A.B. asks: 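My structure is below; once you've seen it, I'll send some questions.
What you see is a predicted model; the values in this text were computed from it and never measured.
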Amino acid sequence: MAKKAAPSVSLGQRVRKMREEQDISLDALAHKIGYSPEYLADLESDKVTPPVGALIQISRALKIDSGSLLSETKKKARKAGYSQRTKAYSYENLTPESADKHLWAYLITLEPKQEHERVVFKHEGEEFLYVLDGEVEVTVGETPHTVQIGEAFHFDSSKEHQLKNLIDTESKLLVVVYTP
């Protein structure tokens with residue numbers, strides 16, 4: 001007799017379960033990681049796909065191995081070609097076997113004249129980006145920086161940061177994230 005597959009538990013459901021098991025309120029977790037309670041509620045309801053930096057922050061705040069959050073996501077990503085897509089951008093994990101490491105690399109594609117919606121990134125560590133095609137604006141804190149094709153930009157990712165495509169065609173970036 002064939003064995004039935006266990007029902008898949010979403011990333012948001014795993015975050016909620018781990019948070020509730022530790023008796024941490026949504027507001028308390030949001031305060032610890034620097035995201036709004038509304039964003040975390042959307043994450044737990046699977047309405048948003050969080051960036052890897054947010055997952056690392058959540059893992060640290062809950063004192064759990066990031067692999068416990070990323071493992072199921074990683075399995076699904078393996079089947080889907082290691083990529084995620086949102087309305088304004090897509091990212092492909094170029095280092096899928098490094099969930100337990102400090103360094104990750106991504107190929108980011110930003111849609112024409114678009115920016116990340118509702119999310120300002122902020123996570124411990126550093127980021128390096130190299131523009132493969134196009135022109136982007138990287139706002140770190142309150143300071144915007146224009147980075148064009150063939151140019152690189154390195155910054156402290158513990159400061160709020162956001163990406164925006166400045167042109168009428170897709171922009172492609174190589175992004176390397178380091179977290180201590």
Side-chain angles (χ1 to χ4, degrees), residues 8-77 82-96 98-106 108 110 114-129 137-145 153-164 173 175-180:
S8 180
V9 178
S10 73
L11 173 64
Q13 291 168 334
R14 286 193 308 280
V15 170
R16 177 181 291 126
K17 181 177 186 271
M18 291 177 189
R19 178 181 60 77
E20 289 174 347
E21 283 174 352
Q22 295 184 35
D23 198 28
I24 298 174
S25 72
L26 200 59
D27 287 339
L29 181 58
H31 178 73
K32 281 183 175 185
I33 67 170
Y35 283 83
S36 71
E38 295 79 17
Y39 179 79
L40 283 178
D42 284 349
L43 186 158
E44 289 185 356
S45 300
D46 297 310
K47 293 178 183 174
V48 297
T49 301
V52 172
L55 294 177
I56 292 167
Q57 287 179 271
I58 291 167
S59 299
R60 288 188 175 151
L62 295 175
K63 296 180 175 87
I64 59 172
D65 176 23
S66 61
S68 61
L69 289 179
L70 297 170
S71 62
E72 189 69 23
T73 303
K74 199 162 118 178
K75 287 178 197 168
K76 288 179 184 175
Y82 306 111
S83 63
Q84 292 280 348
R85 176 169 272 299
T86 68
K87 195 174 185 180
Y89 70 100
S90 66
Y91 62 94
E92 179 180 351
N93 185 351
L94 301 176
T95 52
S98 63
D100 60 341
K101 306 293 184 209
H102 297 276
L103 189 85
W104 298 277
Y106 300 93
I108 308 287
L110 289 166
Q114 293 289 314
E115 62 186 306
H116 292 296
E117 291 182 4
R118 295 187 56 201
V119 179
V120 174
F121 300 105
K122 179 180 175 181
H123 51 88
E124 196 175 359
E126 300 174 47
E127 276 191 44
F128 168 87
L129 65 85
E137 180 180 271
V138 183
T139 301
V140 180
E142 299 290 320
T143 309
H145 305 270
F153 187 67
H154 178 233
F155 60 95
D156 175 354
S157 56
S158 68
K159 296 180 179 176
E160 290 187 348
H161 54 284
Q162 188 168 24
L163 283 173
K164 179 179 183 181
L173 318 165
V175 176
V176 179
V177 178
Y178 169 79
T179 58

A.B. asks: Report, as yes or no, whether the 6.0 Å neighbourhood of atom NE2 on H31 holds more than 12 heavy atoms from other residues, nucleotides or ligands.
C.D. replies: no
A.B. asks: Do the side chains of L173 and Y106 get nearer than 4.5 Å, heavy atoms only?
C.D. replies: no
A.B. asks: Once salt bridge (charged side-chain N to carboxylate O under 4.0 Å, His left out) is applied, do any residues pair with E44, and if so which ones, sequence neighbours excluded?
C.D. replies: R16, R19
A.B. asks: So, do H145 and F155 sit near enough that their side-chain heavy atoms are less than 4.5 Å apart?
C.D. replies: no
A.B. asks: If every non-hydrogen atom of I33 is compared with every non-hydrogen atom of Q57, which pair is closest and at what distance?
C.D. replies: O-NE2, 2.9 Å
A.B. asks: What heavy-atom pair brings L26 and A41 nearest, and what distance separates the two atoms?
C.D. replies: CD2-CB, 3.7 Å
A.B. asks: Heavy atoms, side chains only, cut-off 4.5 Å: are I58 and L43 in contact?
C.D. replies: yes
A.B. asks: Of V175, V176, T179, which meets side chain to side chain contact (heavy atoms under 4.5 Å, CB included) against W104?
C.D. replies: T179
A.B. asks: Check G12 against D46 and note the closest heavy-atom contact, atom names and distance.
C.D. replies: N-OD1, 3.0 Å
A.B. asks: Less than 4.5 Å apart, side chain to side chain, heavy atoms only: is that true for T139 and K164?
C.D. replies: no
A.B. asks: Do V140 and F153 have side chains that get closer than 4.5 Å, going by heavy atoms?
C.D. replies: yes
A.B. asks: Would you mind telling me which of L29, V15, V48 makes a side chain to side chain contact (heavy atoms under 4.5 Å, CB included) with L40?
C.D. replies: L29
A.B. asks: Between A30 and P37, which heavy-atom pair has the shortest distance, and what is it?
C.D. replies: CB-N, 3.6 Å
A.B. asks: Is the side chain of E137 donor-acceptor paired with the backbone N or O of P144 at a distance under 3.5 Å, no angle test?
C.D. replies: no
A.B. asks: Considering all heavy atoms of both residues, which atom of H161 and which atom of E127 are nearest to each other, and what is their separation?
C.D. replies: NE2-OE2, 2.9 Å
A.B. asks: A side-chain contact here means heavy atoms from C-beta on lying under 4.5 Å apart; do T95 and L103 qualify?
C.D. replies: no
A.B. asks: How would you list all residue pairs meeting salt bridge (Lys or Arg N to Asp or Glu O under 4.0 Å) that involve residues 21-32, not counting sequence neighbours?
C.D. replies: K17-E21
